[in-house]
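In what follows, every chain begins at residue 1, and chains take the letters A, B, ... in the order their sequences are listed.
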There are 2 protein chains.
Amino acid sequence: MDISPSNACPIAPVVDIVFSRWTTPILWALNQYGRQRFVELERRIATITPKVLTQRLRQLERDGLVLRTYYPEVPPRVEYEISELGRSLGPLFAALAEWSPNLDTVEQARRSYDVRERSGGRST
Amino acid sequence: MDISPSNACPIAPVVDIVFSRWTTPILWALNQYGRQRFVELERRIATITPKVLTQRLRQLERDGLVLRTYYPEVPPRVEYEISELGRSLGPLFAALAEWSPNLDTVEQARRSYDVRERSGGRST
DNA sequence: CGGTATCCCTGCTGATACTG
DNA sequence: CAGTATCAGCAGGGATACCG
C-alpha cells in the first residue's frame, strides 16, 4: 500500500492497487487458469506463504478484482476467480507483455553500467 | 526488487523493473516535464528524501530508463532525462491512465466490502 | 482444506549531519 | 547543488506451528 504517492503522478493510485506486492502473479494465475482453489493458487505461485496469499486475496477481494466463493462442506472448499473488473485489466497486462522483449535491453544496459562503474566511469 | 517472483507469471520481471517503489512518479515526472535537475525532481515528488531519490535514479539509470548528465561546474549541475527505452513505456502508462476511471469502482467495492465485513458477512 | 497466530528479521524509511 | 554517511524505527514478509 502507498507504494507511490499520488501527489506526484495521476497513475500512481492504479499502480498501488494493481501492482502491489504479489498481486500480479495472483491475478495472472486467476486470469490464465481460471477459477481455482486456495491450494491450487498456493502451489502455482510456489514461493508464497499461506498467510501472505490470504492477505493479498482479501485485499483483491475488497478491491473488487477477485471473487471468493465459500462452500461450507467437509472438508471446506473455497474457490477464487477473477471478477469482471479484474478482467478489465486485460489490455494493461497485454501492454506489459508487449514491453517484455525490452527486458533484453535492460539486461544489456545493466551489464554495461556495471562495467562502467567497476572501472570508475562516474565523474562525480 | 523481486516484487513478484517470475516463476509465477511472465510479466512479473517487467513489473519489478517498471513499478518498483518510487519509479512510477519519477518516470512520470521526467516524461511529463522533460529534462530536469535533481532538486526539481525532489521538489516535484515532495515526499521523497534525497537519499531515496538518488537510489532510485541510480537504479533507473542502470536499467537504461533514465539518462544522467553531469556538468562539472561550480556549483555542480546534474540533469536527468528519460531515455528512449524509458519513452517506450508510453503505451504502458497510457494503458494505466485509461484504466484509472475504474478507481471509482474500486472505491465502491471497498465501501460495500467494509460494510459487509462490519456486519459479519463472511461465512468462515 | 483453508486458513490464523506467533515470532523473527530484513529492508525500507526518516532524520540528521556532512562534503566536493 | 547534488549528493553521501550514519543511525534509529517500524511495517511487512517469511518461517513455523496450530485450528475449525
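- Under a 4.0 Å N-O distance rule, the pair Arg43(A)/Glu40(A) does not qualify as a salt bridge.
- As a whole-Å value, the separation of Arg68(B) CZ from dC1(D) P is 16 Å.
- Atom CZ of Phe38(B) is separated from atom C1' of dG3(D) by 6 Å (rounded to the nearest Å).
- Annotation: the span from Ile82(A) atom CD1 to Asn31(A) atom CG amounts to 4.5 Å, rounded to 0.5 Å.
- Contact annotation: Arg37(A) does not reach the phosphate of dG3(C) (side-chain N/O to OP1 or OP2, under 4.0 Å).
- Atoms CD (Glu40(B)) and C1' (dC1(D)) sit 12 Å apart, rounded to a whole Å.
- In this structure, Glu61(B) places its CD atom 13 Å from C1' of dG3(D), rounding to the nearest Å.
- Salt bridge status for Glu79(A) with Arg37(A): absent, with no side-chain N to carboxylate O gap under 4.0 Å.
- Between the CG atom of Leu53(B) and the C1' atom of dA2(D) there is a distance of 10 Å, given to the nearest Å.
- Atom pair Ile45(A):CD1 and dG3(C):P shows a separation of 14 Å (rounding to whole Å applied).
- The interatomic distance linking Leu41(A) (CG) with dG2(C) (P) rounds to 10 Å, in whole Å.
- Dashed line: the shortest gap from a side-chain N or O of Arg58(A) to OP1 or OP2 of dG3(C) is under 4.0 Å.
- In this structure, Glu73(B) atom CD and dC1(D) atom P are separated by 13 Å, rounded to whole Å.
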| note | Per-nt protein contacts along nucleotides 14-20 of chain C (heavy atom under 4.0 Å; B base, S backbone sugar-phosphate only, - none) come out as BB----B

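- Between Glu81(A) and the options Arg87(A), Arg35(A), Arg68(A), a salt bridge (Lys or Arg N to Asp or Glu O under 4.0 Å) holds for only Arg35(A).
- For dA2(D), the OP1/OP2 oxygens have no side-chain nitrogen or oxygen of Arg77(B) closer than 4.0 Å.
- Rounded to the nearest 0.5 Å, atoms CD (Glu42(B)) and CD (Gln36(B)) are 12.0 Å apart.
- Ring-plane geometry between Tyr80(A) and Phe38(A) is classed as tilted, the angle between the planes lying from 30 to 60 degrees on a 0 to 90 degree scale.
- Of the side-chain N and O atoms in Tyr80(A), none sit less than 4.0 angstrom from OP1 or OP2 of dC1(C).
- Not one side-chain nitrogen or oxygen of Gln55(A) sits closer than 4.0 Å to the OP1 or OP2 atom of dG12(D).
- Of the N and O atoms on the side chains of Arg56(B) and Gln59(B), at least one donor lies less than 3.5 Å from an acceptor on the other residue.
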